K.L.:
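One structure, as structure tokens, below. Some questions next.
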Amino acid sequence: MVSNEVAYNSKIEGEVIVTKADAVVNWIRKHSVWPMPMGLACCAIELMASAASRYDISRFGMEVMRFSPRQSDCMIVAGTVTYKMAEVVRRIYDQMGDPKWVVAMGACASTGGMYRSYAVMQGVDNIVPVDVYVSGCPPRPEALLDAMMKLQDKIGNEPSTSRLLQARNTSMV
Amino acid sequence: MIDKDFIEDLLKKHPYSNVKHQNDCLTLSCPAQQIIDLTTELRDQQTFDLLVDLTAVDQGEAVENRFMVVIHLYSCIHHDYIRIHSDCTDNESPEFPSIHSVYPAANWHEREAFDMFGIVFTGHPNLKRILMWDEYPYFPLRKEFPLAGIDVPLPADDVVEVTQASVEPAPMMGGPFVSSGQGFMSDAEPRAKDESWTEKKEKPV
């Protein structure tokens, strides 16, 4: 008898699934991104819109906005970062547990936007590492959702296991 | 309420003040030393019970008294505005009597004027910066201060250590948008103005 089964067969393989550790870890991580809404200006209004029912960010598994950095792993910098606020943004970023990602939402957070002035930091990437930049002033909720899905793709391709082992080795030293 | 009699009466009581103009609302000039006297009178006798705004103007170094404090008052009973212009005498370290005792609302306005222009409001209960951080060494709305800003270290040492970030002059290319205010509307449209060095124009040494 010729088997035409190419997929998982529970009778033969039992309750065992063979995969890569990276794939499992990334799969878990990317489907439960808990964003930290760093709302600093009008972009935060669009961020709220994308969390509300019409655009519904929860379709992609990232609706759990947490206002505590300890409970979140993706900081969405939504708005103008002034030099006075930069210190606070960095401190909140430092307080987030690893692994963590940053989305620069809108022109101001990405480059300083229309504020070419003594008071505004010209891009939040001066103080925190940014994973995804979103254009727009402010970006529409669709643009933010697209950015978050791009971030999910990025999380899906990370070498998570080797990083975890590396972190364990360095912490043991 | 603000008519000829009112103005005559007010000027008779306060001979140090003058009518500057009456284009939009009555604008008085008043020496800095008498500002408490004038505002108290306007509040208690003339029903100007609301401080709408307190701000300052830097008229440039060419003007004899460079810094002018502007106060807007409103009468909630007669629905009238009044404006007071008052010069700070010292151009190097300008001082002005705080009107916080007359209008408590002036507290934050005076802090802002201090923050932006460096005008010290004597008698203010809590005169510290309100917009920029406490250690900031300049007064940004003074005429000699460039819009792009000046190199300054960030206030948090530990953040600077990790990020090497500092306050840098903003590139002016592509913004900010200003109107020339002259010519046809198509010429007067707000557009980018190069005020400083850009990617194309080298930073002047």
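Given the structure is predicted, the values throughout are model-derived calculations rather than measurements.
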K.L.:
Could you please state which residues from residues 123-137 of chain A sit under 4.5 angstrom from chain B, measuring non-hydrogen atom to non-hydrogen atom, sorted by number, or 'none'?
P.N.:
A:N126, A:I127
K.L.:
For residues 71-107 of chain A, give me every residue with a non-hydrogen atom less than 4.5 Å from any non-hydrogen atom of chain B.
P.N.:
A:Y83, A:K84, A:E87, A:R90, A:R91
K.L.:
Looking at B:A170 and A:R116, what are the two nearest heavy atoms and their distance?
P.N.:
CB-C, 3.8 Å
K.L.:
Is the count of non-hydrogen atoms from other residues, nucleotides or ligands lying under 6.0 Å from B:E161 atom CD greater than 12?
P.N.:
no
K.L.:
Above 12 or not: heavy atoms from other molecules or residues under 6.0 Å from CD of B:E64?
P.N.:
no
K.L.:
Does NZ belonging to A:K20 count more than 12 external heavy atoms closer than 6.0 Å?
P.N.:
no
K.L.:
Would you say A:R54 has more than 12 foreign heavy atoms packed within less than 6.0 Å of its CZ?
P.N.:
no
K.L.:
Inspect the surroundings of OH in A:Y115 and state if more than 12 heavy atoms from other residues, nucleotides or ligands are less than 6.0 Å away.
P.N.:
no
K.L.:
Most heavy-atom pairs under 4.5 angstrom with chain A, which of B:V160, B:D158, B:I150?
P.N.:
B:D158
K.L.:
Please classify the contact between B:F145 and chain A as side chain, backbone, both or neither, with a heavy-atom cut-off of under 4.5 Å.
P.N.:
side chain
K.L.:
Let me know if B:L131 has heavy atoms under 4.5 Å from chain A in its side chain, its backbone, both or neither.
P.N.:
backbone
K.L.:
Heavy-atom distance under 4.5 Å to chain A: side chain of B:V162, backbone, both or neither?
P.N.:
side chain
K.L.:
At what distance, to the nearest 0.5 angstrom, does CG of B:L147 lie from OH of A:Y118?
P.N.:
8.0 Å
K.L.:
Sort by residue number and list every member of residues 29-46 of chain A having a non-hydrogen atom under 4.5 Å from chain B.
P.N.:
none
K.L.:
Mind checking what makes salt bridge (Lys or Arg N to Asp or Glu O under 4.0 Å) contact with B:R83, not counting sequence neighbours?
P.N.:
B:D24
